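Following: one structure in structure tokens, then a few remarks.
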Amino acid sequence: MKRYNPKDIETKWQKVWQEDKIYQAIDFAEKKKFVMLTEFPYPSGSGIHIGHTREYTIGDILARYKRMNGYNVLFPMGFDAFGLPTENYAIKNKVSPIKATDDNVAIFETQLKSLGLSIDWQRTFKTSDPSYYKWTQWLFLRFFKAGLVYQDETFINWCPFCKTGLANEEVINGRHERCDTLVEKKLLKQWIMRITDYADRLIEGLKTVDYPSKIADQQINWIGRSNGAQIKFNVSGSDKIIEVFSTRIDTIYSAACLILAPEHPMIKDIVNPKHKQTVNDYINSVKLKSEIDRQNIDKDRTGVFSGAYAINPINSKLIPIWIADFVLVNYGTGAVFGDIHDERDATFLKTHNIDATVSVVPKDQQLRDKVVSMTDIYTEDGYLINSERFDGLTSAKAREEILEYLVSKGQAQKKVNYRLRDWIFSRQHYWGEPIPIIHCPEHGAVAVPDEDLPVELPPVDKYEPTDNGQSPLSLIDSFVNTKCPICQQPAKRETDTMPNWAGSSWYYLRYFDAHNDLSFADKDKLDYWQNVDLYLGGMEHTTLHLLYSRFWHQFLYDQKMVPTPEPYQARRGQGIILGPDGLKMSKSKGNVVNPSDIIESGYGADSLRLAIAFIAPYDLTTPWNPEILGGTYRYLNRVWVLVDQIILRDSNQSVSEQEDKNIKQIMANLINKVGNDIELMNFNTAIAALMETLNGFYKIFNDVAINFNKDIWLDAISQYIKLLAIFAPHISEEIWRQKLNNKDSVHLSTWPVFNKNLLSTDNITIIAQVNGKMRATFILPTGTGQEEITKLVLNDQRVAKFIDQKSIKKTIFVKDKIINFVV
RNA sequence: GGGCGAGUGGCGGAAUUGGUAUACGCGAUGGACUUAAAAUCCAUUGGUCUUAAAGCCUUGAGGGUUCGAGUCCCUCCUCGCCCACCA
């Protein structure tokens, strides 16, 4: 008998599927729609990796399952083509980024197709296609016109290696997440998106969608909403006011000083001339420090006295104003009041010998003595002391009353602060969407008229970023010099480009209407397809792409341009597949597993897909085991061989009702189990059930005592192949059409149905316990009563000997499960 | 420091949510087939005592609740991921 050889069948069926267009999603079809979205890949030069394979295999299994269950499924694929790696690749290999992208996309398409994914390829695009980024630019201009984009000269995160500005989200531990270079602060004029305007909406919206708490919590923490008060401190002998944000206004009586960030704009106005030199020296020394040094929590708390004093609005006490670099300029107001009830402040006060008083103490007397004598720093909520008429209040109550009092005096207001920063949207690079703005000396920043979009990327000789912090586009006069759309006078184009997160912020909408030249997507098509029903992607995008695209979508909803307030109804994040050594795969460690190599090595795509779905729950980070492929290949081969054996076996004996029922029962249970597991995304146990059932089939098939009826077996194996088809589409199609002689594709067939009555079995295993310890099992008819079982069990030696002479104190009986005697 | 999660055989992992712990697969050992190897098939495979039957022990450690705990509660230990001077 011929062995199963994937090479004979996989590319053959891939071609047939493509020609027959069996995976096409149909706009406005009567069937219920299901949008299965997986994050589109960045087409890098190294081709698809095992992470892509896991994500798309899982998406494909679900897409196929939904399709067979009668849904009009949209399972699309595109390419997130703009970005630094392609630009770097182009520079290094001296090819144009357009050519590099085209080449890489071609490789990606071939590799993705070799996995047998049921993608509707008619809807594909690249974010670097002018026909696509025309709409990215158009959407940007909606933000611009709504006042949600602004230009500001600000200290931004600057990567000196990539020579570009970065969003806060792209900086990890003070380093650029892509190249690991230490990030610097640089003062640059930047385009910025007001994502903070949507901070509350981004939190609220999470309640209406189905995200795992892991993802929702991470977004909520990232947004970092905190309730507090903004308090005004007048500067003594000056008309200046310094505002301070605090969540602990209950500790205001212990405010020992004000501390300003070195970048605080008011320093120059308040500094005492006698201290000017030391203050300037300090600020300059901070500038020389790297971000990493500044963010080192364990370092000394440096700072200088400004010579000025502020007036505590609660009691008019004079407190010194200091400058210290542990205060961050871009959170809150860039100034804090320093007090003993915050660990950082307390260290600072101690280091610089600033007098401190305690104003909040714990209820417990012993703890209180410790705090009052200041041998311990108390940062929790407690009861107020040394706080005049607020003494004795709880912290929570005091926050209310002190705030109310200061508000009435006009010295404070209620304030919500966010850790989320506005989104730096400028990049000083070539390979991105040009920002469609024209700078006119007369009219300032003017939007490029819609009819002039797209602003196409001009060809350049050099893609290298410039040293002066401007994009290479600034060197092309024919691009830069233009006319103001308002006054027709000479004007200059914006030369910054958008970050690579721009194109991916709305790409899912484009799949609904991929080739529309009149709008980013037709309204009726949006109405039909929105929302994305399930979005699968990497956990690493939770605070980047996932947050950005929710922001864009919420804005588009406000503009009445999309029908739903949230883009993704459900989100799931897949785990990382590590190298066989348990470490993250990387070229330098030499532990990279290449999916294309596996397919070509002879195992084929089906074995690979099964291995990936079987190795662990999809959301678990787990090491790759190359040996598992042997297991999944052997399994598929055993399916292949059993089908052949059934077909070749030349007898159609009459079978008993029970024998008929047994097979049907096995299949009913399997269909039920696989269906339930897929709904819960338990792919590994679904495959285990398929394997287990196959083993069972072999046992029955080879049992000479059991009569063989070919019709019954062919029926069962046909159902079995349908279940297998979502995991291993090629071998299933080959068996379905070539061995079982079906005309149409198994992938157009419907998911098998089963008789629910068959799920309840006639006989069931009852566990007999003595004192909770299992002593024997009995196979009995379902529903056997307690009396009957008791009699049977007590007469059984295996149980009886543990009861012996002892008396039975209690009997616990759970129908169809256990009987337990307590002696 | 904050948030989230996890500890089950040699390994990846199951366990219908409190009811036979170790499903399924890998690996290993023995056997069949073969001149031989590969492939395939069959058997065994948590530990321990034992010729065997039978028993005892076992889900990171310790305690608790319960007739019964991998699952629930408390204490502790270890590991992973994300964030981190956020006032």
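Sequence lines set the chain letters: A, B, ... in the order given, protein chains first and strands last, and positions in each chain run from 1. Heavy atoms only: backbone and side chains are in, while hydrogens, waters and symmetry mates are out. All values reported here derive from a predicted model rather than from experimental measurement.
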Can a donor-acceptor pair under 3.5 Å be found between the side-chain atoms of A:Arg421 and the base atoms of B:C86? yes
Any strand is fair game: report the nucleotide pairing with B:G9 by Watson-Crick or G-U wobble, both distances under 3.5 Å, or none. none
Rounded to whole Å, please give me the gap between NZ in A:Lys415 and P in B:A87. 14 Å
If pairing requires Watson-Crick or G-U wobble contacts with both distances under 3.5 Å, which nucleotide is the partner of B:U71? none
Give the table of side-chain donor-acceptor pairs shorter than 3.5 Å for residues 770-784 of chain A, with sequence neighbours excluded, one pair per line with atom names and distance.
residue, atom, partner, partner atom, Å
A:Asn771, OD1, A:Val823, N, 3.0
A:Thr782, OG1, A:Thr761, O, 2.5
A:Thr782, OG1, A:Asp762, O, 2.9
A:Thr784, OG1, A:Pro781, O, 2.5

Got a second to check how far A:Ile612's CD1 is from A:Tyr618's OH, nearest 0.5 Å? 15.5 Å
Could you check whether the side chain of A:Arg419 and the base of B:C83 have a donor-acceptor pair of N or O atoms closer than 3.5 Å, going by distance alone? no
Using whole Å, what does the distance between atom P of nucleotide B:G27 and atom CD1 of A:Ile615 come to? 13 Å
Quickly work out the A:Glu627 CD to B:C26 P distance and round it to whole Å. 10 Å
Just call it for A:Trp222: base, sugar-phosphate, or nothing, with non-hydrogen atoms closer than 4.0 Å on any strand. sugar-phosphate
Considering Watson-Crick and G-U wobble pairs with both distances under 3.5 Å, what does B:U50 pair with? none
If pairing means Watson-Crick or G-U wobble with both distances under 3.5 Å, then the partner of B:A37 is none
State whether a side-chain donor-acceptor pair under 3.5 Å links A:Tyr418 with A:Asp200. yes
Regarding the side chain of A:Gln218, the nearest nucleotide among B:U20, B:C82, B:C86 is B:C82
Would you call the rings of A:Trp640 and A:Tyr4 parallel, tilted or perpendicular if under 30° counts as parallel and over 60° as perpendicular? tilted
Using a cut-off of 4.0 Å on non-hydrogen atoms, how would the nucleic acid contact of A:Ile576 be classed: base, sugar-phosphate, or nothing? nothing
Given B:A87, B:A14, B:C41, identify the nucleotide with an atom nearest to the side chain of A:Thr685. B:A14
Given that both distances must come in under 3.5 Å, which nucleotide forms a Watson-Crick or G-U wobble pair with B:U44? B:A28
Nearest-angstrom distance from the residue atom CG of A:Leu260 to C1' of B:C86: 17 Å
Does the structure show a Watson-Crick or G-U wobble partner for B:C81, both distances under 3.5 Å? Name it, or say none. B:G3
Counting side-chain heavy atoms from CB outward, which of B:C26, B:A21, B:G13 is closest to A:Met774? B:A21
Side chain of A:Lys773, heavy atoms from C-beta onward: which of B:C24, B:G13, B:C57 has the nearest atom to it? B:C57
Counting just side-chain N and O atoms, does A:Ser213 come under 4.0 Å of either OP1 or OP2 of B:C4? no
Base, sugar-phosphate alone, or nothing: which one does A:Ser226 contact when heavy atoms must sit under 4.0 Å apart? sugar-phosphate
Indicate, with a heavy-atom threshold strictly under 4.0 Å, whether A:Lys809 touches base, sugar-phosphate, or nothing. nothing
Atom-pair distance (CD1 on A:Ile812; C1' on B:G18), nearest Å: 13 Å
Using a cut-off of 4.0 Å on non-hydrogen atoms, how would the nucleic acid contact of A:Val336 be classed: base, sugar-phosphate, or nothing? base
Go through the side-chain N and O atoms of A:Asn221 and A:Arg419 and say whether any donor and acceptor fall under 3.5 Å apart. no
Looking at A:Tyr331, does any N or O in its side chain come under 4.0 Å of the phosphate oxygens OP1/OP2 on B:A87? yes
Spacing between A:Gln786 atom CD and B:G19 atom P, to the nearest angstrom: 19 Å
Given RNA chain B, 5'-ward residue of the pair A:Asn702 and A:Asn695, judged by closest heavy atom: A:Asn695
Would you classify A:Arg638 as touching base, sugar-phosphate or nothing, given that sugar-phosphate means primed atoms plus P, OP1 and OP2, and contacts are heavy atoms under 4.0 Å? sugar-phosphate
Any-strand Watson-Crick or G-U partner of B:U59, both distances under 3.5 Å: none
Without decimals, in angstroms, what is the distance between A:Asn820 CG and B:G18 P? 18 Å
Is it true that atom NZ of A:Lys589 has more than 12 heavy atoms of other residues, nucleotides or ligands lying nearer than 6.0 Å? yes
If only side-chain N and O atoms of A:Thr621 are considered, is one of them under 4.0 Å from the OP1 or OP2 phosphate oxygen of B:C81? no
With the side chain of A:Asp325 defined as its heavy atoms from C-beta on, choose the nearest nucleotide among B:C85, B:C26, B:C67. B:C85
Mind checking A:Val327 for me? I need base, sugar-phosphate or nothing, with any heavy atom below 4.0 Å counting as a touch. base
From B:G27, B:G19, B:C24, pick the nucleotide closest to the side chain of A:Ile767? B:G19
Donor-acceptor pair present, A:Gln769 side chain and B:G19 base, under 3.5 Å: yes
Could you check which of B:G12, B:C85, B:G3 has an atom nearest any side-chain atom of A:Asp217? B:G3
Side-chain atoms of A:Arg301 come closest, of B:G12, B:C85, B:C67, to B:C85
Charged N-O contact under 4.0 Å between A:Arg54 and A:Glu39: no
Starting at atom CG of A:Asn684, determine the distance to atom C1' of B:U22, rounded to an integer number of angstrom. 15 Å
Closest to the A:Phe802 side chain, choosing from B:A23, B:G13, B:G55: B:G55
On RNA chain B, compare the nucleotides closest to A:Ala688 and A:Gly224; which residue's is nearer the 5' end? A:Ala688
Going by atom types alone, do A:Tyr253 and A:Thr357 pair a side-chain donor with an acceptor below 3.5 Å? no
